[in-house]
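Only a predicted model underlies this, so the values are computations on that prediction, with no experimental measurement involved. Note on naming: letters A, B, ... go to the chains in the order of the sequence lines (proteins, then strands), and numbering restarts at 1 for each one.
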Amino acid sequence: MTEDGTVRTRFAPSPTGYLHIGGARTALFSWLHARHTGGKFILRVEDTDAQRSTEESSLQILEAMEWLGLDWDEGPIFQSKRLDLYRSYVQRLLDEGKAYWCECTPDELEAKRKTALEKGEKPKYDLTCRNKGLGPGPGRVVRIALPSSGVTSFDDMIKGRITVDNAELDDFILLRSDGMPTYNLVVVIDDALMNITHVIRGDDHVNNTPRQVLIYQAFGFDLPFFAHVPMILGADKTRLSKRHGATSVTAYKDMGYLPEALVNYLVRLSWSHGDQEIFSRQELIDLFDIHDVGRSAAVFNPEKLLWLNHHYIKTGDPDRIAGLLPEFLQARGYPVPGRSYLTRVVTDVRERTKTLEEVVEFGDFYFIDREPPEDLCEKFFTPEIRDVFRLLVEKIERTDFTKDALEETVQSLLNETGLKFKVLAQPMRVALTGKTVSPGIFEVLATLGHDRAIPRLKRALSYMEKEA
RNA sequence: GUCCCCAUCGUCUAGCUCGGCCCAGGACACCGGCCUUUCACGCCGGCGACAGGGGUUCAAAUCCCCUUGGGGACGCCA
């Protein structure tokens with residue numbers, strides 16, 4: 001705990017790829033816990049794996065965090081810039097006899113691991129170098145000297161007390177032969193030095209925690225609170241991966257998902273507040289309690305995410321959503337109209353489109369003019385309705401392009417002729433949109449406006465005249 | 001294989017901490033119906049679960065044990 005009792009949480013991704021859905025949820029929980037308690041949220045990039053870490057990944061992860069609205073109070077802190085610090089702590093352990101140099105090669109270790117596994121044993125470092133009294137040298141690593149008996153335990157805020165037999169642990173590596181410190185070491189040093197009060201991270205780290213607890217003890221650091229959140233699984237109940245579909249936050253952004261939908265979806269995985277399904281950001285901050293996080297893994301359900309996305313498209317500010325459309329329009333090579341036109345399009349289509357991508361696809365006729373497919377022309381632009389349709393076009397041409405006025409015009413025509421709207425509706429729809437499914441005719445008409453709508457209606461009319 | 005963790009509808013979950021209010025509630029999906037200018041939206045209704053077995057107790061989804069199933073970890077990755 002910090003001196004003044006302030007909560008400090010952190011998200012510590014390793015920049016070896018995109019921000020994964022699972023990582024995003026961990027970050028969300030961590031962020032929420034900080035915000036809920038009025039604490040600080042720290043972002044730390046764990047890039048001690050020089051081989052796989054890339055700056056590009058770091059950037060993309062930060063971008064995804066920002067897109068999700070997970071703002072941080074400190075950082076990003078890059079571990080690769082703190083190497084001297086870590087080395088001095090390793091030296092301290094070396095000096096105190098709590099760590100030692102080891103000259104075993106990766107190949108040797110790998111071979112031993114293999115035979116252990118084959119014999120049905122748990123692969124563990126066999127302590128070959130523990131008492132050799134080696135000093136530094138090329139190809140050598142530093143290992144921690146762990147007790148071989150006794151137990152190590154810690155209290156997890158989600159899973160309760162977890163105890164592991166020290167005999168299950170082995171003398172893991174603290175410093176690689178290339179001089180880079182390893183995860184277990186740096187995570188402890190940083191969490192301790194940065195005064196992290198609550199370590200919130202994925203379930204897959206529970207097995208590491210006892211090792212880290214031992215490091216905390218070796219340095220005499222106070223233990224933080226631990227909260228290991230359950231994993232997110234794919235439909236087949238195995239760890240969520242690419243073969244289950246999109247797993248990166250960015251991919252969802254690109255498919256036309258709204259950040260509030262993804263956040264709302266993710267937060268409900270292993271966490272709930274009674275029967276509530278929809279949460280605003282502020283509600284989440286007010287209501288989120290790490291103690292309410294469940295213990296079991298959750299299966300990722302794309303359908304429910306889609307439902308939530310639709311919900312936010314349906315209920316969100318149309319103007320804001322309109323502002324997100326240009327990149328989707330450009331991706332399809334459609335021209336980008338003005339903001340107010342886009343806003344009207346959103347209002348028209350949002351009851352029937354679940355993603356921004358769908359807005360553009362379903363509402364394509366708002367952006368481009370295409371002749372309706374021949375089979376639809378044939379079916380709907382029949383000679384029988386030619387005369388009414390001509391009348392209709394003439395009347396509409398002289399009408400104000402507002403929904404009410406247009407509706408009134410058509411209604412009066414219906415009254416005069418005694419026809420049902422059904423007779424006209426689909427032909428009009430096909431003429432204006434090129435499809436049999438669209439928003440309401442009058443909305444479409446009003447939004448398209450005179451200059452886009454009239455030529456399309458006339459084109460349909462001439463088809464009817466040709467057929468006669 | 002060893003160790004750790006988990007176990008309510010297909011899925012996300014409420015209920016489990018403080019056993020009775022639960023022959024188990026909500027949501028997604030699915031299936032009907034209503035509304036209707038298409039499709040949606042909306043509304044109404046339906047389908048559907050306490051993994052199994054032992055205990056403890058007057059009483060168990062709720063507590064204990066075992067079995068089974070699932071996940072995770074066993075790296076000079078994090």
When the [atom1] atoms of [M] and [N] are compared, how many Å lie between them, rounded to an integer?
{"N": "B:G75", "M": "B:G69", "atom1": "C1'", "answer": "29 Å"}
{"N": "B:A24", "M": "B:G46", "atom1": "P", "answer": "13 Å"}
{"N": "B:C4", "M": "B:C23", "atom1": "P", "answer": "37 Å"}
{"N": "B:G48", "M": "B:C65", "atom1": "C1'", "answer": "31 Å"}
{"N": "B:C3", "M": "B:C66", "atom1": "P", "answer": "14 Å"}
{"N": "B:U56", "M": "B:A49", "atom1": "C1'", "answer": "25 Å"}
{"N": "B:G26", "M": "B:C47", "atom1": "C1'", "answer": "16 Å"}
{"N": "B:G42", "M": "B:A59", "atom1": "C1'", "answer": "44 Å"}

Interatomic distance, [X] [atom1] vs [N] [atom2] [rounded to whole Å]:
{"X": "A:Glu277", "N": "B:A27", "atom1": "CD", "atom2": "P", "answer": "8 Å"}
{"X": "A:Asp155", "N": "B:C5", "atom1": "CG", "atom2": "C1'", "answer": "15 Å"}
{"X": "A:Ile278", "N": "B:C12", "atom1": "CD1", "atom2": "C1'", "answer": "13 Å"}
{"X": "A:His20", "N": "B:A78", "atom1": "NE2", "atom2": "P", "answer": "18 Å"}
{"X": "A:Asp275", "N": "B:U8", "atom1": "CG", "atom2": "P", "answer": "17 Å"}
{"X": "A:Lys112", "N": "B:U2", "atom1": "NZ", "atom2": "C1'", "answer": "19 Å"}

Exercise. For A:Phe328, which residues count as a side chain to side chain contact (heavy atoms under 4.5 Å, CB included) partner, sequence neighbours excluded?
Worked result: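 Checked A:Phe328 against side chain to side chain contact (heavy atoms under 4.5 Å, CB included); matches are A:Leu356, A:Glu357, A:Val360.
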Exercise. By side chain to side chain contact (heavy atoms under 4.5 Å, CB included), which residues pair with A:Thr433, not counting sequence neighbours?
Worked result: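 Scan of A:Thr433 (side chain to side chain contact (heavy atoms under 4.5 Å, CB included), adjacent residues dropped) gives A:Phe365, A:Arg429, A:Lys435, A:Ser438, A:Val444.
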Exercise. With distance as the sole test, does A:Ser272 use its side chain to make a donor-acceptor pair with the main-chain N or O of A:Arg268 at under 3.5 Å?
Worked result: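 No, A:Ser272 side chain to A:Arg268 backbone: no donor-acceptor pair under 3.5 Å.
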For this session: Name all residues meeting the salt bridge (Lys or Arg N to Asp or Glu O under 4.0 Å) criterion together with A:Asp84; count only those two or more places apart in sequence or in a different chain, and write none if there are none.
Result: A:Arg87
Problem set entry | All salt bridge (Lys or Arg N to Asp or Glu O under 4.0 Å) counterparts of A:Asp375, not counting sequence neighbours |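 Result, salt bridge (Lys or Arg N to Asp or Glu O under 4.0 Å) vs A:Asp375: none returned.
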Should [N] form a Watson-Crick or G-U wobble pair with both distances under 3.5 Å, which nucleotide is its partner?
{"N": "B:A60", "value": "none"}
{"N": "B:C43", "value": "B:G33"}
{"N": "B:C18", "value": "none"}
{"N": "B:C74", "value": "B:G1"}
{"N": "B:C28", "value": "B:G10"}

Report all side-chain donor-acceptor pairs from residues 289-298 of chain A shorter than 3.5 Å, counting only partners two or more places apart or in another chain.
residue	atom	partner	partner atom	Å
A:Asp289	OD1	A:His291	N	2.9

Seminar exercise, completed: In this structure, CZ of A:Phe78 is separated from CG of A:Leu83 (nearest 0.5 Å) by 14.0 Å
Exercise. For residues 104-130 of chain A, which residue pairs qualify under ring-ring contact (aromatic ring centres under 6.0 Å, His included), counting only residues two or more places apart or in two chains?
Worked result: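 Listed by first then second residue: nothing to list.
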Distances under 3.5 Å only, N/O to N/O: pair up the protein atoms with those of nucleotides 37-47 of chain B.
residue	atom	partner	partner atom	Å
B:U37	O2'	A:Arg429	NH2	3.3
B:U37	O2	A:Arg429	NH2	2.7
B:U38	O4'	A:Gln426	OE1	3.4
B:U38	O2'	A:Thr436	O	3.1
B:U38	N1	A:Arg429	NH2	3.2
B:U38	O2	A:Thr436	O	3.4
B:U38	O2	A:Ser438	N	2.8
B:U38	O2	A:Ser438	O	3.2
B:U38	N3	A:Arg429	NH1	3.0
B:U38	N3	A:Ser438	O	2.5
B:U38	O4	A:Gly440	N	3.3
B:C39	O2	A:Arg352	NH1	2.7
B:C39	N3	A:Arg352	NH1	2.3
B:A40	O2'	A:Glu351	O	2.4
B:C41	O3'	A:Lys314	NZ	3.2
B:C41	O2'	A:Glu351	OE1	3.0
B:G42	OP1	A:Lys314	NZ	3.2

Give every pair of a protein N or O atom and an N or O atom of nucleotides 20-23 of chain B that lie under 3.5 Å apart, one pair per line with the distance.
none

Seminar exercise, completed: Partner of A:Tyr265 under ring pair (Phe, Tyr, Trp, His ring centres under 6.0 Å), picked from A:Phe300, A:Tyr312, A:Trp307, is A:Phe300
Exercise. With nearest nucleotides of RNA chain B determined for A:Val164 and A:Tyr265 from heavy-atom distances, which residue corresponds to the more 5′ nucleotide?
Worked result: A:Val164
For this session: With RNA chain B as reference, determine whether A:Arg268 or A:Gln276 sits nearer its 5' end, using the nearest nucleotide of each.
Result: A:Arg268
Exercise. Can you list every side-chain hydrogen bond (donor to acceptor under 3.5 Å, both in side chains) pair that touches residues 109-119 of chain A, not counting sequence neighbours?
Worked result: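 Every side-chain hydrogen bond (donor to acceptor under 3.5 Å, both in side chains) pair that includes a residue of residues 109-119 of chain A, provided the two are not neighbours, is A:Glu110-A:Arg113, A:Lys112-A:Asp126, A:Lys112-A:Thr128.
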For this session: Check side chain to side chain donor-acceptor pair (under 3.5 Å) between A:Tyr86 and all other residues, then give those that pass, not counting sequence neighbours.
Result: A:Arg82, A:Asp190
Problem set entry | Set of residues satisfying side chain to side chain donor-acceptor pair (under 3.5 Å) with respect to A:Arg201, sequence neighbours excluded |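 Result, side chain to side chain donor-acceptor pair (under 3.5 Å) vs A:Arg201: A:Tyr183, A:Thr209, A:Gln212, A:His228.
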Under 4.0 Å between any heavy atoms, over every strand shown, what does [X] touch: base, sugar-phosphate, or nothing? Just pick one.
{"X": "A:Val299", "value": "sugar-phosphate"}
{"X": "A:Gly179", "value": "nothing"}
{"X": "A:Cys102", "value": "nothing"}

For this session: Would you please indicate yes or no on a ring centroid separation below 6.0 angstrom for A:Trp271 and A:Phe288?
Result: yes
Seminar exercise, completed: Taking B:C4, B:G26, B:G10 as options, the one with an atom nearest any side-chain atom of A:Asn301 is B:G10
When you compare the protein's N or O atoms with those of nucleotides 68-75 of chain B, which come within less than 3.5 Å of each other, and at what distance?
residue	atom	partner	partner atom	Å
B:G72	OP1	A:Arg239	N	3.3
B:G72	O3'	A:Arg239	NH1	3.2
B:G72	N2	A:Asn207	OD1	3.2
B:G72	N2	A:Asn207	ND2	3.4
B:A73	OP1	A:Arg239	NH1	2.8
B:A73	O4'	A:Asn207	ND2	3.1
B:C74	O2'	A:Pro123	O	3.1
B:G75	OP2	A:Arg113	NH1	3.1

Problem set entry | Check: A:Val187 and A:Gln79 side chains under 4.5 Å, non-hydrogen atoms |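 The answer is no, as the side chains (C-beta and beyond) never meet within the 4.5 Å cut-off.
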